[in-house]
Amino acid sequence: MSEQPLILWVRRDLRLGDQPMLAAAVATGRPLLPVFVLDPETEALGAAAKWRLGLAVAEFARALEKIGLRLTLRRGPALAVLQALVAETGAGGVWWSRLYDPAAVPRDIEVKAALKSAGLEARSFAGHLMHEPWEVETGQGGFYKVFTPYWRAVRDRGVASPAAAPNRAVAPAVWPASERLEDWDLGAAMNRGAAIVAPYQAVGEAAARAKLAAFLDGPVDRYAAARDLPGVAGTSRLSENLTYGEIGIREVWHAGLRARDEGRAGAESFLRELAWREFAYHLMHHTPQITHANWKPEWDSFPWRGDNPDALRWKQGMTGEPFVDAAMREMYVTGTMHNRARMIAGSYLTKHLLTDWRVGLQWFADCLTDWDPASNAMGWQWVAGSGPDAAPYFRVFNPSGQAEKFDAKADYRRRFIAELSRNPGPEALAFFDAVPRSWGLDPARPYPAPVIDLAEGRARALAAYGARKA
Ligand SMILES: Cc1cc2nc3c(=O)[nH]c(=O)nc-3n(C[C@H](O)[C@H](O)[C@H](O)COP(=O)(O)OP(=O)(O)OC[C@H]3O[C@@H](n4cnc5c(N)ncnc54)[C@H](O)[C@@H]3O)c2cc1C
């Protein structure tokens, strides 16, 4: 029994260090068979996330080779693929790191039940989060719906130390056949975008760790204020790595704790943001509908507009509102968007353009290389006002005022909007290369007039809000 290989079903845990499942598997001394399954749930990812996932998988395959393992790639429904692999290899079990989103949970429950009933060892491990969402409870035994008390509950709570990366693992006598990553063409829906976005990606564990070190080496000191300035490289940029598990959250947390203990200004704020990610997962576990339905059902009667021509201009970075357009164009060029800009762009769509937050959520899911099911949903419901602990709807961000405050010298807007400069920079021009040709955008044309006057949009949003309450 103990010689039977173990299948390691890897998903969003594409790293060697701080990987409890891998560490436990290596410790058994059994031959290990890592597999990545391109199942329908993974196929359903948005264009940019799917493409970026392909880069992560390729890099992880290289990392596994260094410890003597090979990543097997298979396509098909997860359970069928895993059962076939068990039959081919004589594996005694399948292990994986837990996921928490509504697409993954029912699949994983089904896999676990089927494997167990076939007498196989089916084990799931923690590792994607610092705390399992059901382990953090209010004094009354419920879950947290508001961030500040959640933060109080987790701020000083122990987080398991990151496991060391294994140097070597036992390989099976024979490797199962693998499909080729190139044949999956995970970037198929990226059109011309992939070549533009690629230089902004820092793929894999070593790159993620280097980013963390560079951030803690300096920018963390100014993080509390700089994290709000989209024109400044003031944040860690770890979201793309955390979402695919290219770096472990426990490792990041412990590094942040050390910085706090050393008295580094900003380390506390950084830890707090890591807890926001955790809170998003806490909410998604307890209320999975957060990913697709108004978290507060009273919002169901709100007269959101579905997809509409104004929303198209928002997607195109052509609203005529420079802060909003810079944000949308940043996403097209780099695959990510600054947090302050996400708030402004989201608020503008849901309030000034009175458009359903799900239109924005879906667009972000298609365009972000750091797309995360929990943080994206929580972020959108927060900006829309329909979520737990959300910004009150009547607090409508003014993109122009926000730009004056957070992009005072217009560095961010100029960086991404070609029409605002006489000599636009490469990133501002790259946007026009990245977007679909069918949009017919041209940097030589004048910058568009605003879709809606800001005061008018605000008044319209507040009127709709008032009508909803009546
Ligand atoms: C409408 C909207 C949509 C969003 N969609 C996503 C998404 O799809 N994926 C994603 O990772 N984040 C999302 N966020 C949260 C946030 O904008 C990003 O996590 C952040 O900009 C990533 O940059 P960074 O890694 O430099 O963060 P840092 O400021 O360096 O923070 C460190 C880490 O803390 C976490 N974090 C920081 N801010 C938040 C936050 N507000 N909510 C949850 N976690 C946070 C992230 O894991 C981040 O990598 C969204 C926010 C909004 C308002």
Side-chain angles (χ1 to χ4, degrees), residues 13-19 52 55-56 59-60 62-63 66 127-130 151 154-165 167 197-278 330 333-342 368-370 372 375 406-409 411-412 415 425 427:
D13 49 355
L14 304 174
R15 64 183 180 277
L16 298 179
D18 189 13
Q19 236 274 35
R52 176 61 178 79
L55 303 185
E59 187 59 32
F60 187 55
R62 284 190 280 274
K66 291 190 188 134
H128 196 59
L129 301 176
M130 296 186 276
W151 170 235
V154 297
R155 182 183 178 274
D156 298 311
R157 199 181 162 105
V159 170
S161 298
N167 295 320
V197 178
Y200 296 91
Q201 310 304 303
V203 182
E205 194 169 0
R209 206 164 278 144
K211 252 199 261 180
L212 174 63
F215 172 70
L216 293 176
D217 200 34
V220 70
D221 292 325
R222 297 175 298 280
Y223 178 75
R227 64 175 291 273
D228 266 325
L229 309 175
V232 169
T235 65
S236 72
R237 298 169 191 239
L238 283 170
S239 51
E240 64 162 321
N241 308 108
L242 285 167
T243 193
Y244 305 102
E246 293 176 331
I247 192 165
I249 188 69
R250 297 160 187 215
E251 179 174 340
V252 179
W253 176 262
H254 279 280
L257 276 187
R258 282 193 297 277
R260 185 171 77 184
D261 292 346
E262 288 163 9
R264 307 292 299 275
E268 173 83 5
S269 305
F270 180 60
L271 292 171
R272 198 180 150 94
E273 293 312 314
L274 298 179
W276 268 107
R277 173 182 182 270
E278 203 75 8
E330 179 189 17
V333 173
T334 69
T336 62
M337 189 191 290
H338 190 275
N339 182 60
R340 171 67 42 185
R342 292 185 209 219
L368 285 173
T369 52
D370 73 355
D372 178 279
S375 298
F406 297 111
D407 186 36
K409 293 188 181 150
D411 294 334
Y412 179 65
R415 183 175 162 205
E427 290 171 306

Interatomic distance, L368 atom CG to R342 atom CZ [nearest 0.5 angstrom]: 5.0 Å

Test item: R155 and E268 side chains (from C-beta on) under 4.5 Å apart, heavy atoms: yes

Point-to-point distance, once rounded to the nearest 0.5 Å, from OH of Y223 to CD of E273: 4.0 Å

Residue pair A160 / R250: nearest heavy atoms and the distance that separates them: CB-NH1, 3.3 Å

Interatomic distance, R264 atom CZ to F270 atom CZ [nearest 0.5 angstrom]: 12.0 Å

For D411, side-chain hydrogen bond (donor to acceptor under 3.5 Å, both in side chains) partners two or more places apart: none

Side-chain donor/acceptor of E205 to backbone N/O of G17, under 3.5 Å: yes

Heavy-atom closest contact (L14 atom, A56 atom, distance): CD1-CB, 3.7 Å

Minimum heavy-atom distance between A63 and L16, given as atom pair plus value: O-CD1, 3.8 Å

Approximate separation, where rounding is to 0.5 Å, of E240 CD and T334 OG1: 9.5 Å

L212 to A255 - nearest heavy-atom pair and separation: CD2-CB, 3.9 Å

Cationic N near anionic O, under 4.0 Å, K211 to E246: no

Set of ring pair (Phe, Tyr, Trp, His ring centres under 6.0 Å) partners for F60, sequence neighbours left out: none

Whether R340 side chain and L229 backbone form a donor-acceptor pair below 3.5 Å: no

Partners passing side-chain hydrogen bond (donor to acceptor under 3.5 Å, both in side chains) against R277 (at least two apart in sequence or in another chain): H128

May I have the list of side-chain donor-acceptor pairs in residues 232-239 shorter than 3.5 Å, sequence neighbours left out?
from: S236; atom 1: OG; to: L238; atom 2: N; distance (Å): 3.2
from: S239; atom 1: OG; to: D370; atom 2: OD2; distance (Å): 2.7

Nearest atoms (heavy-atom pairs only) where D372 meets S375: OD1-N, 2.8 Å

Results of salt bridge (charged side-chain N to carboxylate O under 4.0 Å, His left out) for E278 - residues two or more places apart only: none

From H254 atom NE2 to I249 atom CD1, the distance as rounded to the nearest 0.5 Å: 10.5 Å

Residue pair L242 / G248: nearest heavy atoms and the distance that separates them: CD2-C, 4.4 Å

R260 side chain vs A267 backbone, donor-acceptor pair below 3.5 Å: no

Validation row: Y200, T336 side chains within 4.5 angstrom (heavy atoms): no

Polar side-chain atom of N241 near backbone of I247 as donor-acceptor pair, under 3.5 Å: no

Q201: side-chain hydrogen bond (donor to acceptor under 3.5 Å, both in side chains) partners, not counting sequence neighbours: R52, T369

Spacing of CD belonging to E59 relative to OH belonging to Y244, to within rounding of 0.5 Å: 14.5 Å

Ionic contact status for R209 with E251, cut-off 4.0 Å: yes

